[in-house]
Peer 1: 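What follows is a structure written as structure tokens; I'll ask about it next.
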Amino acid sequence: MTAPANLNALRAFEAAARHRSFSAAATELNVTPAAVGHQVRNLESWLGVALFTRATSGSARLELTDAARSALPDIREGFEKLRLGLSRLRDAGANVELTVTVSPAFAAKWLLPRIERFQQAYPDLDVLLDTSSRSADFQAERIDVGVRYGSGSWPGLTVVRLMDEVIFPVCSPSYPLLEGGRLPTERLPHATLIHDMSMATDADYPTWRMWLDASGFNQINISHGLRINNSAAVLQAAMSGQGIALARSVMVKDDLDAGRLIRPLADSGLDCPLTQAYYVVYRAESGDLPKVQAFRDWLLAEAGKAASEV
């Protein structure tokens with residue numbers, strides 16, 4: 001095989017190894033599964049080494065041979081260095097692309113109201129915003145930088161703490177159970193609790209049970225209520241008067257400032273600090289790219305400004 005053909009075959013192998021599937025690799029590379037299989041077989045023939053075996057269960061899932069498994073990290077590192085080299089060449093042009101991944105809720109409630117200031121400060125940077133709820137694969141999806149919420153441990157990524165937060169109840173200022181803008185604690189058991197299920201599988205994610213127990217309301221039943229799997233939609237439901245939401249301080253600040261939401265238990269409830277926080281994340285190899293440094297530093301400055309306003 002010629003050198004370009006070797007590179008294409010290596011890319012087909014890397015994608016198939018990552019997905020453990022010719023079909024999934026073909027979708028990523030925008031070719032047919034047969035083309036991926038042909039490239040991999042050509043590479044095996046050229047190397048004289050088998051790269052994949054079929055799973056013994058008879059499924060279509062591919063299994064790496066020992067030789068392929070040992071070589072794969074070096075091949076991935078090589079592609080990453082090529083990508084970074086091309087990125088540096090591309091960034092030397094007039095317009096530079098910066099791909100950012102954040103959750104839909106963080107984008108709607110924190111980033112988008114502020115992103116214009118970044119664009120004004122860096123007019124030559126074109127921001128491509130990926131608002132998927134899942135954790136993106138920075139290497140495979142060509143992500144430059146992101147913001148994640150969690151414990152701060154994401155293997156393979158450099159992590160910079162961005163913002164801490166607390167949780168507390170919020171509701172519409174016109175919520176029917178209010179009295180003089182406050183919710184009498186004896187009415188709390190009769191309120192509709194709006195549950196944020198966006199990270200329900202994470203044991204450390206804030207819940208009504210966590211807040212109620214910490215605030216001395218452990219007798220209140222949480223089996224009923226409205227359950228929503230998007231944090232921004234939880235706050236929207238509270239704004240429309242559908243119940244009381246348990247809000248994270250970072251997500252709700254602008255709505256509180258605008259009066260769209262209020263804290264009905266501010267005098268009697270607790271602000272519960274959380275073990276999780278927001279982090280700026282990026283691959284270590286990308287940390288010295290000017291565009292990544294610019295966005296990271298801007299995020300940290302904006303977070304500091306928001307904290308000082310509180």
Peer 1: Side-chain contact test, heavy atoms from C-beta onward, threshold under 4.5 Å: evaluate it for V145 versus S286 and give yes or no.
Peer 2: no
Peer 1: Quick one: does F217's side chain get under 4.5 Å of L188's, heavy atoms only?
Peer 2: yes
Peer 1: Are T207 and H195 packed together at the side-chain level, in the sense that at least one heavy-atom pair is separated by less than 4.5 angstrom?
Peer 2: no
Peer 1: Any side-chain to backbone donor/acceptor pair from W208 onto I194? Under 3.5 Å, distance only.
Peer 2: yes
Peer 1: With the 4.5 Å side-chain cut-off for hydrophobic clustering, are V234 and M251 part of the same group?
Peer 2: no
Peer 1: What are the two closest heavy atoms between R76 and A17, and how far apart are they?
Peer 2: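 Taking R76 first and A17 second, the nearest heavy atoms are NH2-C, 4.2 Å.
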Peer 1: Closest approach of P264 and R182, non-hydrogen atoms and distance?
Peer 2: O-CD, 3.3 Å
Peer 1: Quick one: pull up CD1 in I228 and CG in L235 and give me the separation to the nearest 0.5 Å.
Peer 2: 9.0 Å
Peer 1: Between A16 and F52, which heavy-atom pair has the shortest distance, and what is it?
Peer 2: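 Of all heavy-atom pairs spanning A16 and F52, the closest is CB-CZ, 3.8 Å.
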Peer 1: Do the non-hydrogen side-chain atoms of R263 and P169 ever get within less than 4.5 Å of each other?
Peer 2: no
Peer 1: To the nearest 0.5 Å, tell me how far Y205 OH sits from I167 CD1.
Peer 2: 9.5 Å
Peer 1: Please report the shortest heavy-atom distance between L261 and L256, naming the atom on each side.
Peer 2: O-CD2, 3.4 Å
Peer 1: When rounded to the nearest 0.5 angstrom, what distance separates CG in L72 from CG in L64?
Peer 2: 6.0 Å
Peer 1: Can you list, by chain and residue number, the hydrophobic cluster partners of V281 when the side-chain cut-off is 4.5 Å?
Peer 2: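 Members other than V281 - counting any ILVMFWY side chain reachable under 4.5 Å - are F138, I143, W154, L157, V159, Y279.
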Peer 1: Are R260 and D257 ion-paired here, with the side-chain N under 4.0 Å from a carboxylate O?
Peer 2: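 Salt bridge between R260 and D257, a charged N being under 4.0 Å from a carboxylate O: no.
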Peer 1: Give me the atom names and distance for the closest heavy-atom approach of L178 to P173.
Peer 2: CD1-O, 3.5 Å
Peer 1: Kindly indicate, with the supporting measurements, whether the criterion salt bridge (Lys or Arg N to Asp or Glu O under 4.0 Å) is fulfilled by D254 and K109.
Peer 2: CA-CA 8 Å; D254 290 348; K109 290 298 182 181; over 6 Å; no
Peer 1: Using side-chain contact (heavy atoms from CB on, under 4.5 Å), reason through V280 and T158 one step at a time and then give a plain yes or no.
Peer 2: CA-CA 8 Å; V280 185; T158 296; over 6 Å; no
Peer 1: To the nearest 0.5 angstrom, please state how far the CG atom of D144 sits from the CZ atom of R296.
Peer 2: 13.0 Å
Peer 1: List for me each residue that meets side-chain contact (heavy atoms from CB on, under 4.5 Å) alongside L128, sequence neighbours excluded, and say none if there are none.
Peer 2: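 Applying side-chain contact (heavy atoms from CB on, under 4.5 Å) to L128 gives E97, T99.
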Peer 1: Would K305 and E302 count as a salt bridge (Lys or Arg N to Asp or Glu O under 4.0 Å) here? Give the steps.
Peer 2: CA-CA 5 Å; K305 185 188 303 181; E302 285 291 323; 3.5 Å; yes
Peer 1: Can you tell me how far apart OH (Y175) and CZ (R187) are? Round to the nearest 0.5 Å.
Peer 2: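 Rounded to the nearest 0.5 Å, the OH-CZ separation comes out at 11.0 Å.
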Peer 1: Can the positive tip of R209 be found less than 6.0 Å from the middle of the six-membered ring of W211, inside 45° of the ring normal?
Peer 2: no
Peer 1: Say you draw a straight line from CD of Q119 to CZ of R114; how long is it, rounded to the nearest 0.5 Å?
Peer 2: 14.5 Å
Peer 1: Near E116 CD, under 6.0 Å, is it more than 12 heavy atoms from other residues, nucleotides or ligands?
Peer 2: no
Peer 1: For the residue pair F295 and Y122, is the inter-centroid distance of their aromatic rings smaller than 6.0 Å?
Peer 2: no
Peer 1: Between Y278 and R148, is any pair of side-chain heavy atoms under 4.5 Å apart?
Peer 2: no
Peer 1: Backbone N or O of A50 within a donor-acceptor pair of the T65 side chain at under 3.5 Å?
Peer 2: yes
Peer 1: Under a 3.5 Å distance rule, please check whether R20 uses its side chain to pair with a backbone N or O of R61 as donor and acceptor.
Peer 2: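 Not confirmed, R20 side chain does not pair with R61 backbone.
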Peer 1: Can you name the one residue among E44, Q39, H38 that meets side-chain hydrogen bond (donor to acceptor under 3.5 Å, both in side chains) with N42?
Peer 2: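 The option that passes is H38.
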Peer 1: Please walk me through it: do R161 and D164 pass side-chain contact (heavy atoms from CB on, under 4.5 Å)?
Peer 2: CA-CA 8 Å; R161 199 178 188 97; D164 296 308; 2.6 Å; yes
Peer 1: Go through L162 and L299 one step at a time and tell me if the side-chain contact (heavy atoms from CB on, under 4.5 Å) criterion holds.
Peer 2: CA-CA 8 Å; L162 180 63; L299 284 171; 4.0 Å; yes
Peer 1: Decide yes or no for V40 and F22: does some side-chain heavy atom of the first lie under 4.5 Å from some side-chain heavy atom of the second?
Peer 2: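 With C-beta onward as the side chain, the pair touches.
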Peer 1: Find out if a path of hydrophobic residues (ILVMFWY) with successive side-chain heavy-atom gaps under 4.5 Å connects M197 to V170.
Peer 2: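 Hydrophobic grouping puts M197 apart from V170.
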Peer 1: Is a side-chain N or O of S172 found less than 3.5 angstrom from the main chain of S174, in a donor-acceptor match?
Peer 2: yes
Peer 1: Just do the side-chain contact (heavy atoms from CB on, under 4.5 Å) check on M163 and W110 with the steps written out, would you?
Peer 2: CA-CA 12 Å; M163 292 181 287; W110 196 89; 3.8 Å; yes
Peer 1: Would the Y149 and F106 ring centres measure less than 6.0 Å apart?
Peer 2: no
Peer 1: Check whether the side chains of N221 and S223 place a donor and an acceptor atom closer than 3.5 Å, and report yes or no.
Peer 2: yes
Peer 1: Throw together a table of side-chain donor-acceptor distances under 3.5 angstrom for residues 237-246, partners on residues two or more places apart or in other chains.
Peer 2:
| residue | atom | partner | partner atom | Å |
| --- | --- | --- | --- | --- |
| S240 | OG | Q236 | O | 3.4 |
| S240 | OG | A237 | O | 2.9 |
| S240 | OG | Q242 | NE2 | 3.0 |

Peer 1: Can you see which heavy atom on T192 is nearest to which on L226, and at what distance?
Peer 2: CG2-N, 4.3 Å
Peer 1: One pair to check against side chain to side chain donor-acceptor pair (under 3.5 Å): D196 and S231. What are the steps and the verdict?
Peer 2: CA-CA 6 Å; D196 185 346; S231 298; 2.6 Å; yes
Peer 1: Among the clusters formed by ILVMFWY side chains lying less than 4.5 Å apart, do V292 and V147 turn up in the same one?
Peer 2: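 Linked within one cluster.
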Peer 1: Would you kindly confirm whether L129 and W298 end up in one hydrophobic cluster when ILVMFWY residues are joined by side chain heavy atoms under 4.5 Å apart?
Peer 2: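 Same cluster.
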Peer 1: Could you tell me whether R11 and E28 make a salt bridge, using a distance below 4.0 angstrom between a side-chain N and a carboxylate O?
Peer 2: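 E28 and R11: not salt-bridged.
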Peer 1: Under 4.5 Å between any side-chain heavy atoms of L212 and N218, yes or no?
Peer 2: no
Peer 1: Contact between C171 and I262 at the side-chain level, heavy atoms closer than 4.5 Å - yes or no?
Peer 2: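 SC-SC contact between C171 and I262 confirmed.
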